[in-house]
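A note on names: the letters A, B, ... follow the listed sequences, proteins ahead of strands, and every chain is numbered from 1. Heavy atoms only: backbone and side chains are in, while hydrogens, waters and symmetry mates are out.
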Amino acid sequence: MRLSTRLYRRLVKLYPAGFRESYSGPLEQQFREDYAEARGSAARAALWLRTLADFARSMPAQAAHELAQDSRYAFRTWRRHPLHTTFAIAVLAIAIGANTGIFSVLNAVLLRSLPFHEPERLARLQAFLPPGGPPDAARFHQWRTQSTYLSDSARYVTGEVSLEGDRGVSRTRLTEVSSNFFALFGREPIAGRGFAPGEDAPGGPGIAVISHGLWRRLFALDPRAVGASIRLNGTPLTIVGVAPPNFDYPQKTDIWTPTAFDYPRVPKTYIAFYFATARLRPGVTWAQANSAFEAEAYALLPHLRKAADSRNRPALVPLSEELAGPIRAASLLLMTGVGLLLLLACANVANFFLARALSRADELRVRTALGASRARLAQQLLTEAVLLSFIAAVLGLAVAHWTTIVAMTYQPVQSISQAYTIFDWRVLCFAIAAATATGLLFGAGPALYISRADLALGSRASTAGRRHSNARAILVGTQVAVAVVLLTGSLGLGRTFRALLHTDNGYELRSLATMTVSFAGTGYMSDERWRVYYDDVVRTVRAVPDVLSVSATGALPLAIEAYQGAMFTLDGSGPTTFTSTIAITPDYLRTMGVRLLAGRDLTADDLTSGEAVAVVNEQLARAFGEPSTVIGRSLTATVGRPRRIVGVVTGMRDGGPTSRAHPQAFLPARSMRSLTIVAKVKGDAASRIAVIRDAVAGVDAKIPVFDVKTMDQRLDDTLARPRFYMTSVVFFGGLALLLSIAGVYGVVSYACGERIREMGIRLALGSTPGRLRGRLLVRTLITVGLGAIAGITAAAASASQLQHLIKGAEQHTFATSALAVLGTILVASAATWIATQRVARLDVTDVLRGN
Amino acid sequence: MSNTNRSKPEDLLPLPAPVFHILLSLAEGERHGYALKREIAARTGGTLRLGPGVLYGSIAKMIDQGLIEESDDRPDPHLDDERRRYYRVTAFGRKVGHAEAARMRDLVRLAAAKFGTREPA
């Protein structure tokens with residue numbers, strides 16, 4: 001055959017099946033005749049051009065025509081099977097929707113670029129801060145301008161402060177920066193100005209840049225905000241600029257001030273931790289910059305070499321990694337889980353399509369005899385599949401949208417620019433791609449079967465039947481395997497989570513109402529005055545009905561962001577232990593529900609007497625010996641006077657159930673910048689917390705009361721992300737189980753229908769319905785068992801991944817897998833038994849006569 | 001799926017140029033595809049050269065609409081290639097052809113009145 005004819009035949013293959021089947025012969029013939037007429041290469045080139053134009057003109061019309069025909073046919077079919085169709089659409093909508101939703105999370109934290117100039121060259125400086133700390137701004141600026149590998153670097157310190165406004169005091173995040181902060185990110189304020197060089201020197205002007213969000217909340221976007229005055233922790237500042245809308249680095253900052261080197265300028269209640277961000281010099285690679293940074297850090301601070309942990313070693317961490325950090329691995333894992341679920345849904349719907357294709361075999365035989373080609377039927381099945389998955393995808397967008405809302409609540413992002421949304425071109429493309437792939441995936445099997453199967457009129461080859469039942473068995477086995485993986489995961493996570501809920505944290509939860517007051521910028525910051533205020537608070541709150549005791553601390557468990565601490569020894573010698581020191585008022589330990597192991601609690605006298613005393617926790621005491629033996633001995637730090645140990649208490653898990661209690665020393669509160677008040681209530685604290693808050697606020701209206709929560713709520717907040725992951729995986733597992741039940745049921749009941757005659761004969765020959773059903777059950781269980789083995793293997797291999805979702809997730813155990821398999825086998829058996837009920841009701845004479 | 005037309009001739013108007021030309025050619029008698037193509041090219045002075053896709057696409061659609069049908073009659077095998085398919089116009093096709101011609105005639109009359117050109121005889 002000539003090359004040109006072969007090429008044209010290829011082209012013809014691109015026409016939709018119906019048209020191609022009817023006209024490929026005449027099309028080719030005409031092309032050959034045209035080609036024969038065209039003499040010379042110019043004429044032939046012209047012919048090819050005309051042919052291609054002809055194809056481009058006629059193909060879309062034919063495709064649209066057959067698509068409309070196939071769609072009409074699909075809708076008619078669906079109307080005949082409304083239950084099956086609804087089930088398939090619902091399953092696919094959930095699967096595609098959940099995939100799209102989780103993808104939107106991945107898209108937001110991993111794919112979407114940060115709203116900075118050349119964000120891929122921005123880094124956080126880890127474990128080493130450049131020279132020039134407060135108040136030495138000049139030295140820092142000298143360092144950054146002379147760096148050989150960084151083009152710029154900025155310092156900052158961030159924390160929450162009280163912002164006084166017309167509607168009372170609110171808490172906002174303040175970030176104190178070096179003057180070049182906005183320039184480093186390449187994002188200058190959209191109104192007003194940024195900070196000028198030199199404005200970050202101590203004693204500089206009291207100015208601030210506010211976020212776009214704060215501009216809207218506080219000033220309703222009024223341009224006169226620039227020049228207006230605000231008070232932060234009592235310090236007046238003039239607004240000089242408004243940041244761009246999606247700029248809120250770091251940690252959703254609302255106010256920036258150029259006071260990174262002027263620590264006392266804004267009075268603070270938090271411990272200031274300095275951070276630095278930098279931009280790589282053009283042409284410098286990450287590897288080069290990292291080794292230069294490391295060398296510089298080691299030269300200045302040689303002891304850093306000893307850092308064992310990779311997180312304590314000097315490094316330049318890409319900012320995108322820093323921002324995605326904690327949710328990156330978890331999101332990828334959830335994506336895998338939800339991807340498996342989609343695969344399962346595809347297998348399920350493919351099975352259902354295949355079953356229907358088989359039950360339509362007779363109709364298809366008739367249509368084949370009438371001239372409908374197999375390719376045409378396969379095309380129609382594929383069209384139906386893709387159409388079904390697109391409908392599911394559209395409905396799935398609602399599921400996806402809901403997923404993003406849930407994820408936004410339980411897995412919050414560090415910047416508004418990372419907000420999860422499905423209204424993003426990548427997410428929408430993903431949804432379309434997922435729908436197409438899904439449709440092709442579950443449509444291809446049945447379509448392939450139709451195009452290969454022996455559909456000649458009257459044929460009913462048993463080998464073909466066996467082949468098809470094998471194909472369906474593989475689909476069911478796959479479903480079982482995926483279901484076992486997801487079930488094992490959800491059982492493991494569910495058990496871990498339940499264990500978290502039942503962990504003894506070392507303090508009470510339900511009966512404790514807590515709230516924080518800040519003395520920053522008020523006259524109460526001096527040593528003695530806060531105590532006058534505090535005594536009033538205690539008196540007022542005690543008067544609230546059902547309040548059993550009131551106390552306060554400088555660092556409440558589940559609310560601690562940073563520790564203050566030191567290396568301590570016992571009696572000035574022996575081993576040293578890093579110990580966090582926590583300032584408390586009398587009665588705190590009892591109020592929290594901490595158990596006293598030896599000695600006594602701190603008393604009111606300890607606050608006023610000159611003696612330095614401390615209560616230590618079990619973890620610290622054990623570092624030195626038995627709890628009872630440390631009483632009366634002295635706790636000595638490198639600085640400060642020794643403290644006499646008067647009591648030992650049980651440890652508290654400050655970070656909640658996933659954390660561990662570590663050495664702590666409780667000291668009588670002296671000079672306090674803020675206090676967290678804890679009130680123990682008879683019964684549930686939630687019912688009394690509002691009254692207690694009002695009582696505290698009533699003591700002095702100028703002292704802001706914020707972060708009002710029961711300990712139960714704090715635990716909920718702490719467990720929000722683990723709960724979200726656990727719920728997601730359990731949901732995937734449950735759905736997987738449901739789908740595999742449907743899969744098993746479908747296959748078995750089809751097999752029953754197909755072999756009804758054989759069974760009738762067997763019954764006539766003396767077999768019993770029970771025996772027949774038993775045989776079917778055994779066959780199903782072999783398939784299920786093979787799938788389960790594959791599932792257990794995959795679950796064991798992937799078990800360590802669960803650690804990414806919940807810290808401390810239990811290691812894969814055989815028991816968990818066994819439970820998952822047992823569950824799957826039980827429901828598969830039940831599904832089989834129900835599906836084979838018709839065998840028990842079989843009337844032998846009817847069956848035999850019927851055939 | 002073919003010959004299921006229940007529409008009135010007017011519903012199909014105006015006809016695409018290839019469809020009308022195919023009707024014109026078949027009005028004279030049965031033709032196979034290639035003959036149709038050549039005849040139409042000759043009639044239009046080479047301005048309407050139907051490629052295979054458009055030609056058979058039009059034929060498929062016309063069969064669907066009931067304008068034409070495949071003919072079972074074959075000429076003497078010595079005279080022709082028996083693999084060729086022959087088409088003939090249906091009664092409905094004739095009606096549609098007439099209706100399209102009438103529509104064109106009315107249009108030409110209107111143009112004559114508006115532009116003052118001479119009406120064809």
Side-chain angles (χ1 to χ4, degrees), chain A residues 4-5 7-38 43 46-66 68-70 72-73 76 367 370-373 376-377 380, chain B residues 1-7 12 15-19 21-22 25-26 30-42 44 46-72 74-75 77 80-88:
Chain A
S4 55
T5 315
L7 280 177
Y8 187 71
R9 187 167 286 176
R10 287 268 166 83
L11 196 65
V12 168
K13 282 224 162 77
L14 296 176
Y15 280 107
F19 182 69
R20 191 176 69 226
E21 295 290 332
S22 305
Y23 293 102
S24 62
L27 283 169
E28 261 177 54
Q29 195 172 17
Q30 182 175 337
F31 177 78
R32 272 203 305 276
E33 278 161 336
D34 282 345
Y35 197 81
E37 270 180 28
L47 173 67
W48 265 113
L49 277 181
R50 278 205 310 276
T51 305
L52 286 175
D54 170 64
F55 174 77
R57 230 181 110 189
S58 54
M59 210 290 273
Q62 294 308 324
H65 178 67
E66 288 190 24
Q69 244 176 20
D70 292 347
R72 275 198 302 274
Y73 188 82
R76 275 205 301 276
R367 289 188 65 189
L370 284 176
S373 75
R376 182 82 176 82
L377 294 174
Q380 189 228 302
Chain B
M1 262 167 267
S2 58
N3 296 327
T4 52
N5 196 285
R6 282 173 205 87
S7 52
L12 300 179
L15 293 178
V19 173
H21 277 287
I22 292 171
S25 296
L26 294 184
E30 296 181 7
R31 299 275 191 282
H32 56 70
Y34 196 63
L36 281 172
K37 183 218 143 157
R38 297 187 67 147
E39 203 174 308
I40 291 167
T44 58
T47 55
L48 189 63
R49 297 170 81 164
L50 297 180
V54 172
L55 175 67
Y56 285 102
S58 302
I59 287 175
K61 194 172 165 199
M62 289 168 82
I63 291 177
D64 222 29
Q65 290 172 331
L67 299 179
I68 60 173
E69 59 195 6
E70 246 183 77
S71 156
D72 295 330
R74 285 282 180 280
D80 204 285
D81 183 347
E82 69 175 321
R83 281 172 306 171
R84 288 194 191 282
R85 291 189 206 163
Y86 282 73
Y87 303 97
R88 65 175 169 230

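- Among A/S22, A/A53, A/A61, the residue making the largest number of heavy-atom pairs under 4.5 Å with chain B is A/S22.
- Evaluation of the ring pair (Phe, Tyr, Trp, His ring centres under 6.0 Å) rule for A/Y8 yields A/F31 as partners, not counting sequence neighbours.
- The part of A/Q62 that comes within reach of chain B is its side chain, from C-beta onward, which places non-hydrogen atoms under 4.5 angstrom from that chain.
- Salt-bridge annotation for B/R38 and A/E33: absent, with no side-chain N of the basic residue lying under 4.0 Å from a carboxylate O of the acidic one.
- For A/F19, the part sitting under 4.5 Å from any heavy atom of chain B is the side chain, from C-beta outward, and nothing else.
- The nearest pair of heavy atoms linking B/P18 to A/R57 is CG-NH2, 4.4 Å.
- Remark: A/R32 fails to qualify as a cation-pi partner of B/Y34 under the 6.0 Å distance and 45° angle criteria applied to the six-membered ring.
- By the salt bridge (Lys or Arg N to Asp or Glu O under 4.0 Å) test, A/D34 is found to be paired with B/K37, residues two or more places apart in sequence or in another chain being considered.
- Within a 6.0 Å radius of CZ in B/R49, other residues, nucleotides and ligands contribute 12 heavy atoms or fewer.
- Looking at A/P26, A/S58, A/S24 one by one, the single match for side-chain contact (heavy atoms from CB on, under 4.5 Å) with B/Y56 turns out to be A/P26.
- The nearest pair of heavy atoms linking A/D54 to B/V54 is OD1-N, 2.8 Å.
- For chain A, the nearby part of B/L50 is the backbone; its heavy atoms alone come within less than 4.5 Å.
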